[in-house]
Amino acid sequence: MSIPKLSDYKDVVGIDVVGELYTLASHVGKRSIKMVNSTAVGGGVAEMLHRVVPLLNELGIETRWDVIKGGADFFDITKAFHNALQGKEEYFEEEVFKTYLAYNEMNYQEMSFDEDLIVIHDPQPASLIKWQEKRKNKWVWRCHIDMSHPNQQVWDFLRTYVELYDAAIFSSPLFSPQLKIPQYRFYPAIDPLADKNRELTGDYVDSVLEKYEIPRDKPIVTQISRYDPWKDPVGVIQAFKMARKHVDCRLLLVGDKAADDPEAEEILAQVNEAAGDDPDIKIIFLTHSIPTEINAFQRASDIVLQKSIREGFALTVSEALWKYRPVIGGAVGGIPAQIIHGYTGMLVHSAEGASLQIRSLLQQSELAKRLGENGHQRVKDEFLITKLLKRYLLLLLALDHPGESTVLLD
Ligand code: UDP
């Protein structure tokens, strides 16, 4: 399938929405952006950048994407920082911060930062700005993680660099820390025309389930997420085992490995142990996900779970809602922005809560269907890539008018 162009989105969101993007782009004029993150594959940030970058280029905003490099020691540290910022208690020695800065400095020396706007994603490259002493362009830090309970030591360290930026972007007001710089709120977004989300034929969906030997004799409950403690895959197994005492169903756990994530194997071992030899639990670990296969797993599911205990946003929730699936999500981070409890899905606070909702939705197909339909509409209104493009264009305009609360366009 060819790569979708902006004009293709008219059929999904309407001609006015696409027209508005071109109007805003004409106000922005000729500009350039550089996106910087730490992995080209795996996880939500890479997922979005793969689509946002070409579409911004199509709008006339010259956009590039660079990925920073690092050894295993660097990614162990940045994963530990990530966990700490999401609330894990841990004390770090001075050496750790020095190593983090040394890798950032090495990357800084190897990269160029000539674009009008530099968008640095997440903590891994956050201190690159330290070496950019005199700058004519704007730098923005885009934080995708759940910062509702940050570890103070790591946050105090990073904040020194974050406050050098022109602005910071968070996915929820719940995460917005006290900062001396302006803050904006961006929801992440999914691409309805990407292979991950586009329509599939029933035959293709069947072939994927056959390939992975997943029988369709019972309802399928699925969680698709990296094997990461915050996604709580062990809690998913507990919830499933409790629910299955009352309703017959299968559990499908699918996860891949982000290039910058050293933790997956360890968590996978815990998951396998929790699952035991239960024939109704299928655990799939992918080195590289094929987007249409993930799409097929989501479409084949009777219920999609995202039982996170901390969560920046969870694109997986929007992906499933877009496919009219009833979704049960942890009431944390960016998930409640997508799931309005009882209307676009169900929010839970525990494995017991998740198990009750699995039972309830498998027994009430009308309710499950309604949640999926409402969820689809919510994603259409708020969480599609066209909305994210609009936010980037508005960001460029807002940064031209620092300190002003209203920007008038002629
Ligand atoms: N994903 C995937 N294969 C997997 C697990 C996840 O393709 O085995 C995708 C998922 O469909 C979503 C992204 O990776 O598009 C994960 O983004 P999310 O915001 O849910 O979580 P993150 O991994 O960024 O914490």
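Counting begins at 1 with the first residue of the sequence.
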Problem - From CA spacing to verdict: side-chain contact (heavy atoms from CB on, under 4.5 Å), L158, L85 - result: CA-CA 10 Å; L158 275 183; L85 290 169; 3.6 Å; yes
Practice task
Determine whether more than 12 heavy atoms belonging to other residues, nucleotides or ligands lie under 6.0 Å from atom CD of E110.
Solution key: yes
Exercise for the section: Answer yes or no: does atom CD of Q109 have more than 12 heavy-atom neighbours from other residues, nucleotides or ligands under 6.0 Å? Expected result: yes
Exercise for the section: With the side chain counted from C-beta on, respond yes when Q338 and R378 share a heavy-atom pair under 4.5 Å apart, and no when they do not. Expected result: no
Problem - Atom pair CG (L315) and CD (Q306), whose distance is rounded to the nearest 0.5 Å - result: 10.0 Å
Handout entry: K218/D280 ion pair, N-O < 4.0 Å
Key = yes
Exercise for the section: List the steps and the verdict of ring-ring contact (aromatic ring centres under 6.0 Å, His included) for W141 and Y161. Expected result: CA-CA 10 Å; W141 186 55; Y161 305 108; over 10 Å; no
Exercise for the section: Please name all residues satisfying side-chain hydrogen bond (donor to acceptor under 3.5 Å, both in side chains) with S26, sequence neighbours left out, ordered by chain then number. Expected result: none
Exercise for the section: Would you confirm whether the ring centroid of F81 sits within less than 6.0 angstrom of the ring centroid of F74? Expected result: no
Completion exercise
Taken to the nearest 0.5 Å, the spacing of T63 OG1 from W65 CH2 works out to 12.5 Å
Handout entry: Any side-chain donor near an acceptor of the partner, D146 and S148, under 3.5 Å
Key = yes
Practice task
Indicate yes or no: does D191 engage R198 in a salt bridge with an N to O separation below 4.0 Å.
Solution key: no
Practice task
Hey, can you tell me if Y108 and W131 have their rings parallel, tilted or perpendicular (30° and 60° cut-offs)?
Solution key: tilted
Problem - 4.5 Å side-chain heavy-atom contact, M35 and L56 - result: yes
Practice task
Check whether any side-chain heavy atom of L6 lies under 4.5 Å from a side-chain heavy atom of L389, and answer yes or no.
Solution key: yes
Handout entry: Electrostatic pair E115-R31, nearest N-O below 4.0 angstrom
Key = no
Handout entry: Sub-4.5 Å side-chain heavy-atom contact between I129 and I118
Key = no
Problem - From CA spacing to verdict: side-chain contact (heavy atoms from CB on, under 4.5 Å), L321, Q377 - result: CA-CA 9 Å; L321 293 176; Q377 190 57 44; over 6 Å; no
Problem - Under 3.5 Å side-chain donor-acceptor pair for D73 and Y103 - result: yes
Exercise for the section: Measure from the side-chain N and O atoms of K323 to the backbone N and O of A296, and report whether any donor-acceptor pair falls under 3.5 Å. Expected result: no
Handout entry: Whether over 12 other heavy atoms sit under 6.0 Å from L397 CG
Key = yes
Handout entry: Carboxylate-amine/guanidinium contact D66 R64, below 4.0 Å
Key = yes
Exercise for the section: Indicate yes or no: at least one non-hydrogen side-chain atom of E20 is less than 4.5 angstrom from one of K390. Expected result: yes
Practice task
Check step by step if side-chain hydrogen bond (donor to acceptor under 3.5 Å, both in side chains) holds for R142 and S171.
Solution key: CA-CA 9 Å; R142 169 60 172 114; S171 300; 3.1 Å; yes
Completion exercise
Between the CD1 atom in I294 and the CG atom in N197, the distance rounded to the nearest 0.5 Å is 11.0 Å
Practice task
Indicate whether any N or O donor in one side chain lies under 3.5 Å from an N or O acceptor in the other, for Q364 and S360.
Solution key: yes
Problem - E404 CD: over 12 foreign heavy atoms closer than 6.0 Å - result: yes
Problem - Neighbour count >12 (heavy atoms, 6.0 Å) for atom CD, Q363 - result: yes
Problem - Side chain to side chain, P177 and W155, heavy atoms closer than 4.5 Å - result: yes
Problem - Donor on one side chain, acceptor on other, S301 and R250, under 3.5 Å - result: no
Problem - From CA spacing to verdict: side-chain hydrogen bond (donor to acceptor under 3.5 Å, both in side chains), D116, S32 - result: CA-CA 5 Å; D116 299 312; S32 54; 3.2 Å; yes
Handout entry: Salt bridge present between K79 and D228 (N-O < 4.0 angstrom)
Key = yes
Fill in the blank from the handout: Residues N104 and A126: closest non-hydrogen pair is OD1-N, 3.9 Å
Exercise for the section: Report yes if the side chains of V304 and P326 come closer than 4.5 Å at any heavy-atom pair, otherwise no. Expected result: no
Problem - Residue pair P192 / I385: nearest heavy atoms and the distance that separates them - result: CD-CG2, 4.2 Å
Problem - Atom pair CD/OH of Q298 and Y324 - distance to nearest 0.5 Å - result: 15.0 Å
Problem - Salt-bridge contact R226-E263 (side-chain N to carboxylate O under 4.0 Å) - result: no
Problem - Carboxylate-amine/guanidinium contact E373 K369, below 4.0 Å - result: yes
Handout entry: Carboxylate-amine/guanidinium proximity below 4.0 Å for K387 and D381
Key = no
Handout entry: Result of checking T78, L128, N37 against I68 for side-chain contact (heavy atoms from CB on, under 4.5 Å)
Key = L128
Exercise for the section: May I ask you to check if K282 and Y212 form a cation-pi contact, with NZ or CZ under 6.0 angstrom from the six-membered ring centre and within 45° of the axis? Expected result: no
Practice task
Name the orientation class of the two ring planes belonging to Y187 and F313 (parallel below 30°, tilted from 30 to 60°, perpendicular beyond 60°).
Solution key: tilted
Handout entry: Sidechain N-carboxylate O distance under 4.0 Å for E105, K130
Key = no
Practice task
Please report the closest heavy-atom contact between V348 and Q357, naming both atoms and the distance.
Solution key: CG1-CG, 3.6 Å
Exercise for the section: Scan side-chain atoms only and decide if K69 and N107 contain a donor-acceptor pair under the 3.5 Å cut-off. Expected result: no
Problem - Test side-chain contact (heavy atoms from CB on, under 4.5 Å) applied to I283 and V271, step by step - result: CA-CA 8 Å; I283 297 164; V271 167; 3.7 Å; yes
Handout entry: Residues T287, K257; criterion side-chain contact (heavy atoms from CB on, under 4.5 Å); working and verdict
Key = CA-CA 6 Å; T287 13; K257 184 171 158 56; 6.0 Å; no
Handout entry: Spacing of Y9 atom OH and L193 atom CG [to the nearest 0.5 Å]
Key = 4.5 Å
Problem - Considering all heavy atoms, the nearest G345-L371 contact - result: N-CD2, 3.7 Å
Fill in the blank from the handout: Which of L395, D166, L396, I33 passes side-chain contact (heavy atoms from CB on, under 4.5 Å) with K138? Answer is D166
Completion exercise
Of all heavy-atom pairs linking A40 and H50, the shortest is O-NE2, 2.8 Å
Handout entry: Side chain to side chain, E352 and Q238, heavy atoms closer than 4.5 Å
Key = no
Practice task
Check the angle between the aromatic planes of Y100 and F157 and answer parallel, tilted or perpendicular using the 30° and 60° thresholds.
Solution key: perpendicular
Exercise for the section: Could you verify whether a donor N or O on one side chain and an acceptor N or O on the other, from T344 and N374, lie under 3.5 Å apart? Expected result: no
Practice task
Measure the spacing between CD of E293 and CG of D195 and express it to the nearest 0.5 Å.
Solution key: 11.0 Å
Practice task
Using distance alone, with no hydrogens and no angle criterion, decide if D232 and W230 have a side-chain donor and acceptor under 3.5 Å apart.
Solution key: no
Practice task
Mind listing the closest non-hydrogen atom pair of A84 and V154 along with its distance?
Solution key: CB-CG2, 3.8 Å
